[in-house]
Structures are given as C-alpha cells and as structure tokens.
Amino acid sequence: MEKNKNSTPSLKGKVSEDVMEKISAYSLRPLSPEEVYVFSVILCDNDIDRDYERFDRAGLEKLAQLFLGKTGIFDHNPKSQNQTARIFDCRVMEDPSRVCSDGTAYHYLKASAYIVRSQQNEPLILDIDAGIKKEVSIGCSVEKSICSICGADAKKSPCAHRKGKTYDGKLCYHILAGPTDAYEWSFVAVPAQRRAGVTKGYRQEAGNCLEHLLKSLSFGREVTLSPEQSGALGDYLDQLKTGAKLGWQYLEDLKKRVRSLALVCEEAGEAAAFSSLVEKMDLEELKAFEKSFETRLSGGPAPQLAPERNPSQPSPNGEFKI
C-alpha cells in the first residue's frame with residue numbers, strides 16, 4: 001500500500017545537538033552538524049484521497065513508529081544507489097486550520113530526514129531547497145481496508161459497495177487500518193492527491209500484490225514484475241479464465257431455461273423471434289423473466305415432462321414432450 005505527500009522545506013540554521021543525537025542512532029560513526037543536511041517531510045494524512053481511501057488516526061500513529069529509520073529513494077526503485085536520505089524522527093501532527101473532506105480533524109504524519117552533505121548529493125539538496133524535489137510517496141502494508149458504509153473488510157470479505165459511489169447520501173471510501181510494515185519513501189514526479197499534490201500507488205504483501213499491479217497497469221504505468229508477482233498474476237488470470245468459462249455456461253443455461261419457460265407459459269409468440277430476443281438480454285433481464293415465468297407457473301398445475309422409457313416398449317397413452 002502506498003500513500004503520498006509532499007516534502008517541506010529544510011530545517012534552517014545549525015543542526016541542534018538533540019537532532020544529531022537522533023541521527024547518530026543510524027550512522028556508523030558520529031557525524032558533525034556540518035556533514036548533514038536535515039529537512040522535514042509530510043508523508044501522509046488522514047484525509048480521503050483520489051482513490052477514496054484514508055488512514056485512520058491510529059494507523060498514522062503506528063506508521064510514525066514503523067517509518068523510523070526508513071530510507072528515502074527515487075520512484076520506489078529499491079536499488080542501493082537510489083538511497084538518498086533516512087528518517088530519524090516521525091510523529092503525528094494536527095493542523096487546526098484544516099479539516100478532512102468528511103469534516104473530521106485533519107492529522108498528518110511528519111518526518112524529519114537527513115542527507116549526508118557530499119559533492120554527489122549537492123544537486124539533490126539544491127533541488128529540495130528550490131522546491132523541485134518536493135513530492136514523496138510512501139510504501140507500506142495494512143491489515144484492513146474497511147468500507148465506510150457497512151464496515152466490511154475489503155481484504156477479507158469484500159462487500160457490494162464501491163469506492164467513490166454515494167449510498168443514501170454517504171460517500172463510500174475505505175479506511176486503511178492496522179499498518180503492519182513500512183517499506184520506504186520515495187521522491188516522485190507526478191502528484192495525485194488533491195491537496196498535497198503527490199503521487200499515489202500500491203504495494204502490498206506477496207499474497208495481495210494484485211491490487212497494486214492492476215492499478216498500475218490501468219494507469220498505463222511501466223511495471224516490473226518479480227518472479228513471485230508474475231506467478232501470482234498468472235494464477236489470477238487462470239482464475240479469471242475459469243470463472244469466465246463458468247459464467248458463460250451459466251448464461252447459456254439460463255437462456256435455454258427462459259426459452260423453455262416461455263413456451264410452457266405460451267407467452268413467447270413466435271419461437272424464433274423470442275429466441276432472438278433472449279440472445280440480446282443481459283443477466284439481470286434473463287433472471288427477471290425466469291422469476292416472472294416461474295411465478296406464473298406456480299399459480300397453476302406444474303408442467304409434466306415425459307419420463308424416460310425403453311423405446312422398444314410402446315406407450316398405451318401415446319407420447320408427449322416439452
């Protein structure tokens with residue numbers, strides 16, 4: 001699961017002893033204030049985003065713990081040469097001047113990170129100060145994705161409600177609860193969240209990676225699959241093929257049943273014309289006709305079907321079939 005926000009300007013002035021003490025917990029040797037560049041970054045918040053998802057306050061508190069020590073990279077590319085910064089402090093903040101789109105108090109996750117001053121890092125430091133390297137995106141996993149309408153956990157038992165739709169005047173969105181891991185945070189280029197102007201993507205546990213892959217593909221993004229993800233996607237496509245085959249078979253069987261019921265009810269008119277009409281019906285229309293015919297038949301004698309018999313033995317009452 002990935003959520004995004006924008007970085008804030010660097011911390012001005014000399015780096016304090018307290019800050020250096022926190023940084024020293026992640027460095028192999030003591031660093032001097034002159035050797036580090038420190039800046040703050042807003043990682044995520046509890047507002048409803050463009051994908052109609054939000055973290056809850058408890059989730060932000062958990063993420064504040066999980067992101068301590070996490071490295072900053074570029075575009076979620078985990079190569080070691082893309083490591084740029086490291087978070088040494090992280091906490092949940094409240095902005096009294098703002099409220100979330102649903103009217104609740106606005107909270108955000110603010111982190112402090114450091115970069116070692118070097119000739120290689122000077123262009124990045126300059127870009128951060130100039131506001132060019134601004135947007136960031138976080139990568140994390142969550143335990144639950146709760147529907148705001150009915151409270152169902154979409155990760156375990158998906159409901160019929162759809163994110164972004166309104167039900168009885170209430171907007172449907174998912175509450176991302178119970179963060180279990182924080183992977184990294186990345187400088188990114190394309191903003192997507194409404195207010196923060198940041199990008200958003202998805203990264204999930206191995207068994208639940210398909211949401212990220214399918215969303216990325218639907219947005220036309222370039223996707224590199226690991227062997228595990230490739231296998232999971234292949235299994236998913238096999239399931240879709242099997243489900244599609246069963247669905248088509250069910251649809252054809254339902255068409256046959258509707259044609260038969262219509263003939264029994266003597267309401268079909270010309271058989272060929274009704275058969276053509278049935279071919280154009282969708283699933284809901286077919287089920288509606290099936291229910292209507294069955295209701296009408298239940299009010300009178302049930303139709304008889306000819307029993308199986310040995311063709312060599314003649315029937316005294318003749319033969320009838322439906």
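Just so it is clear, the values below take in all heavy atoms, side chains as well, and ignore hydrogens, waters and symmetry mates.
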Working note: Y183 + K70, criterion side chain to side chain contact (heavy atoms under 4.5 Å, CB included); need CA distance, chi angles, decisive distance, verdict.
CA-CA 7 Å; Y183 307 117; K70 292 302 185 292; over 6 Å; no
In sequence, state the C-alpha distance, the side-chain angles, and the governing distance for I149 and C159, and then conclude on side chain to side chain contact (heavy atoms under 4.5 Å, CB included).
CA-CA 10 Å; I149 301 298; C159 61; over 6 Å; no
Decide side chain to side chain contact (heavy atoms under 4.5 Å, CB included) for E294 and R257; before the verdict, give the C-alpha distance in whole Å, the side-chain angles of both, and the deciding distance to 0.1 Å.
CA-CA 11 Å; E294 287 179 339; R257 175 161 177 76; 2.6 Å; yes
Going through the distances and angles, do V38 and K22 end up as a side chain to side chain contact (heavy atoms under 4.5 Å, CB included)?
CA-CA 12 Å; V38 177; K22 293 178 180 179; over 6 Å; no
Under the side-chain hydrogen bond (donor to acceptor under 3.5 Å, both in side chains) rule, what do D18 and S16 come out as? Steps first, then yes or no, please.
CA-CA 5 Å; D18 290 342; S16 68; 5.2 Å; no
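In this structure, C100 and Y106 approach most closely via the heavy-atom pair SG-CA, 3.8 Å. Residue S40 comes nearest to K110 through the heavy atom pair CB-CE, 3.7 Å, listed as atom of the first residue, atom of the second, then distance. In this structure, T84 and I115 approach most closely via the heavy-atom pair O-CG1, 3.4 Å. Across all their heavy atoms, Y52 and C172 have their closest contact at CB-O, 4.0 Å. In terms of heavy atoms, R117 sits closest to E34 at CD-O, 3.3 Å. For the pair V15 and M20, the tightest heavy-atom approach, listed with the atom from each and the gap, is CG1-SD, 3.5 Å.
A distance-only check finds a donor-acceptor pair linking the side chain of T295 to the backbone of K291 [under 3.5 Å]. One N or O on the side chain of S24 and one on the backbone of E21 form a donor-acceptor pair closer than 3.5 Å. Proximity of a side-chain donor or acceptor of D153 to a complementary backbone N or O of S145 within less than 3.5 Å is detected. A distance-only check finds a donor-acceptor pair linking the side chain of S148 to the backbone of Y173 [under 3.5 Å].
Between L66 and P179 there is a side-chain heavy-atom pair separated by less than 4.5 Å. Contact of the Y114 side chain with the V19 side chain is not registered, since no non-hydrogen atoms from C-beta on lie closer than 4.5 Å. Taking the side chain as every heavy atom from C-beta outward, N121 and Y37 never approach each other to under 4.5 Å. Contact check for L68 versus F88: no side-chain heavy atoms found under the 4.5 Å cut-off. Residues E35 and I23 are not in side-chain contact: their nearest non-hydrogen atoms beyond the backbone lie 4.5 Å or more apart. In this structure, the side chains of K155 and H174 stay at 4.5 Å or more apart for every pair of heavy atoms.
Taking CG of L171 as the start and NZ of K165 as the end, the distance is 11.0 Å to the nearest 0.5 Å. In this structure, S118 OG and L124 CG are separated by 9.5 Å, a value rounded to the nearest 0.5 Å. Here the straight-line distance linking atom OG of S292 with atom CG of L261 works out to 10.0 Å at 0.5 Å rounding. For the atom pair CZ of R57 and CG of N46, the computed distance is 8.5 Å after rounding to the nearest 0.5 Å. Between atom CG of residue D181 and atom NZ of residue K62 there is a gap of 10.0 Å, rounded to the nearest 0.5 Å. Note: F55 CZ to L43 CG = 10.0 Å, rounded to the nearest 0.5 Å.
None of D45, D49, D102 except one satisfies the salt bridge (charged side-chain N to carboxylate O under 4.0 Å, His left out) rule with R54; the exception is D102.
I128 is not connected to L126 by any chain of hydrophobic side-chain contacts under 4.5 Å among Ile, Leu, Val, Met, Phe, Trp and Tyr, and they are in different clusters. Put simply, L246 and L237 are part of two different groups of oily side chains (I, L, V, M, F, W, Y) that touch within less than 4.5 Å, one to the next.
Other residues, nucleotides and ligands contribute over 12 non-hydrogen atoms within 6.0 Å of the NZ atom of K255. The neighbour count for E279 CD, taken as heavy atoms of other residues, nucleotides or ligands under 6.0 Å away, is above 12.
Every pair passing ring-ring contact (aromatic ring centres under 6.0 Å, His included) that includes a residue from residues 129-163 is listed here, sequence neighbours excluded: H161-Y167.
At a cut-off of 3.5 Å, with distance as the only test, a side-chain donor of D47 or S101 sits close to an acceptor on the other residue. For the residue pair S137/S186, the side-chain donor-acceptor check at 3.5 Å is not satisfied. Between Y108 and D95, the side chains place no donor N or O within less than 3.5 Å of an acceptor N or O (distance only, hydrogens not considered).
Considering only residues two or more places apart in sequence or on other chains, L283 meets the side chain to side chain contact (heavy atoms under 4.5 Å, CB included) condition with Y250, L251, L254, K287. Scanning for side chain to side chain contact (heavy atoms under 4.5 Å, CB included) contacts around D282 gives E284, E285, with sequence neighbours left out.
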